[in-house]
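Only one structure is covered here, and it is reproduced in the block below.
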Amino acid sequence: MRKLFRRGALAGLAALPLAPPWISSGAESPAFPDPPLRLIVGFPPGSQSDLLARLMAPGIGEQLGRAVLVDNKTGANGEAAASSTARSTPDGGVFLLASNGPTTIAPALGRPLTYDIRTDFAAASPVGFTPMLLVGRPDLQVGNVAELLDLARVHQGSLKGGSAGIGDQTHLALELFKAMARLDIVHVPYKGSGPATTDLMAGQIDIGFADLSVALPHVRAGRIRGLGQTGLARSAAAPGIATIAESGLPGYEAVISFGVFMPAGAAPGLVERLNRAVAATLRSPTVAKKLASLGVDPQFGSPAEFATYVARDHAKWAYLAKTAGLRAD
């Protein structure tokens, strides 16, 4: 799937003046409710989603003229937070920061959910992409993706590829790699990224996909091999590692994408104002620097463009799940 929100690709939006959004509260620019507003996050304090939310909340609040509090609603890999947001009053008092895990991948894999990403949310704004890394055991006799493809084609069905679990984003990244390259690689699911990384370092499996922030320190220490990034563009956090797409598998993309959603029925004016507030926050030099430290590449786009991306991301993973026979664990 084509990446819709390249840095600078929608530079025209960046040039638009951002009038203080609290000046007008007329019918065309409805007011947000009295503070505090709540930014819902589906993971506990200290998680990447939580750190991202706490980084962005002050800037969003400043733009909207309202205090914004981060509200951690944990459970079911982010699905509890999504469900809570979907049931909230669409007056602008509640919005959700979520990855594509609970929003597009979970429904694509047929998980029984209490919400429908297609009807229960208003897609407000993209936030950023975090690529994963394709990594290999330290003694694997390949140094890049092209060499791995050659090796895997010669030894169909022999290589073992680990993931953090069935239906996890690392699993989908592996299955997409296999499907696009027409490879037979044995999937070895683990209960989390920690055990998978440990076995990869020990040579119990041959390759795997891992969050960039988790894998990069091990790559730099020489404990595992960094073979390729899963985004279409190289992450600012690892500019020296080529993407899979540029290294033998054109079009390959499997990123963890973050975005902000409001409950369905939110007034378009509120959605637009939240979109502008998020974009202005992401453009802050201080926020941009901290995003890079989290391995997040900021993305920009209108609510309509973000909604199109969400629909395409869901369709992409639903198609892969159907053709590869994937179901959530």
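By the 6.0 Å contact criterion, NZ on K290 is open, its count of non-hydrogen atoms from other residues, nucleotides or ligands being 12 or less.
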Step by step, would you call V41 with D71 a side chain to side chain contact (heavy atoms under 4.5 Å, CB included)?
CA-CA 6 Å; V41 180; D71 187 354; over 6 Å; no
Would I256 and L212 count as a side chain to side chain contact (heavy atoms under 4.5 Å, CB included) here? Give the steps.
CA-CA 10 Å; I256 301 169; L212 183 145; over 6 Å; no
Would you please test V94 and T89 for side chain to side chain contact (heavy atoms under 4.5 Å, CB included) and show each step?
CA-CA 8 Å; V94 172; T89 303; over 6 Å; no
Apply the test side chain to side chain contact (heavy atoms under 4.5 Å, CB included) to residues T197 and H218: give CA-CA distance (whole Å), side-chain angles for both, the deciding distance (0.1 Å), then the verdict.
CA-CA 9 Å; T197 302; H218 295 301; 3.8 Å; yes
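With contacts defined as side-chain heavy-atom distances shorter than 4.5 Å, the pair L134/F177 qualifies. Between R137 and R225, every side-chain heavy-atom pair lies at or beyond the 4.5 Å cut-off. In this structure the side chain of E253 never reaches within 4.5 angstrom of the side chain of T230, judged on heavy atoms. For the pair Y115/P102, a side-chain contact is recorded, criterion being any heavy-atom separation below 4.5 Å from C-beta on. Counting heavy atoms from C-beta on, the side chains of I207 and V135 never come closer than 4.5 Å. In this structure, R276 and Q63 have side chains that are not in contact, with every pair of non-hydrogen atoms separated by 4.5 Å or more. Between E62 and V68, every side-chain heavy-atom pair lies at or beyond the 4.5 Å cut-off. By the 4.5 Å heavy-atom criterion applied to side chains, L109 and L172 are counted as neighbours.
The minimum heavy-atom distance between L39 and A57, with the atom names listed, is CD2-CB, 4.5 Å. For the pair G143 and L227, the tightest heavy-atom approach, listed with the atom from each and the gap, is C-CD2, 3.9 Å. Of all heavy-atom pairs between N72 and P44, the closest is ND2-C, 3.8 Å. Scanning both residues, I60 and T281, for their nearest heavy atoms gives N-OG1, 3.2 Å. Closest approach of G101 and Q169 over heavy atoms only: N-NE2, 3.6 Å. Contact between V310 and I117 at its shortest, heavy atoms only, is CG1-CG1, 3.9 Å.
Under the 4.5 Å side-chain heavy-atom criterion for ILVMFWY residues, no single connected hydrophobic cluster contains both M132 and L176. In the hydrophobic clustering of this structure, V142 does not group with I241; members are Ile, Leu, Val, Met, Phe, Trp, Tyr whose side-chain heavy atoms approach within less than 4.5 Å, directly or through other members. Using a 4.5 Å cut-off between side-chain heavy atoms of Ile, Leu, Val, Met, Phe, Trp and Tyr, with links allowed through other members, L174 and W317 fall into the same hydrophobic cluster. The cluster map of Ile, Leu, Val, Met, Phe, Trp and Tyr, joined by side-chain heavy atoms under 4.5 Å apart, puts I224 and L159 in different clusters. Note on V260 and L51: same hydrophobic cluster, where clusters join Ile, Leu, Val, Met, Phe, Trp and Tyr whose side-chain heavy atoms are under 4.5 Å apart, directly or indirectly.
In this structure, the side chain of K178 engages the main chain of I185 through a donor-acceptor pair within 3.5 Å. Remark: side-chain polar atoms of R38 are not paired, donor with acceptor, to backbone N or O of F95 under 3.5 angstrom. In terms of modelled atom types and a separation under 3.5 Å, the side chain of D199 and the main chain of Q204 share no donor-acceptor contact. Here the side chain of R234 pairs a donor or acceptor atom with the backbone of P239 at under 3.5 angstrom. Of the possible polar contacts, none joining the D211 side chain to the S213 backbone as a donor-acceptor pair under 3.5 Å is found. Remark: side-chain polar atoms of N275 are paired, donor with acceptor, to backbone N or O of G301 under 3.5 angstrom. Of the possible polar contacts, one joining the N100 side chain to the V255 backbone as a donor-acceptor pair under 3.5 Å is found. Side-chain atoms of D168 come within 3.5 Å of backbone N or O of T170 as a donor-acceptor pair. Remark: the backbone N or O of Y309 is not paired with any side-chain donor or acceptor of D313 at under 3.5 angstrom. The backbone N or O of P30 sits less than 3.5 Å from a side-chain atom of R273, completing a donor-acceptor pair.
Separating the CG atom in L291 from the CZ atom in F258 is a distance of 10.5 Å, to the nearest 0.5 Å. We find the CE-CG distance between M180 and L149 to be 10.5 Å, quoted to the nearest 0.5 Å. Rounding to the nearest 0.5 angstrom, the gap separating the CG atom in L294 from the CG atom in D297 is 11.0 Å. A distance of 8.5 Å separates CZ in F129 from CG in L232, rounded to the nearest 0.5 Å. Rounding to the nearest 0.5 Å places CZ of F43 at 12.5 Å from CG of L52. For the atom pair CG of N144 and CD1 of I244, the computed distance is 11.5 Å after rounding to the nearest 0.5 Å.
By the 30° and 60° cut-offs, the orientation of the rings of F261 relative to F121 is perpendicular.
At a cut-off of 3.5 Å, with distance as the only test, a side-chain donor of E305 or S302 sits close to an acceptor on the other residue. Counted by atom type alone, R87 and S83 present one or more donor-acceptor pairs between their side chains at under 3.5 Å.
Cation-pi geometry between R283 and F300 is satisfied (NZ or CZ under 6.0 Å from the ring centre, within 45° of the ring normal).
For residues 146-166, every residue pair satisfying the side-chain hydrogen bond (donor to acceptor under 3.5 Å, both in side chains) rule, not counting sequence neighbours, is listed here: S163-H187.
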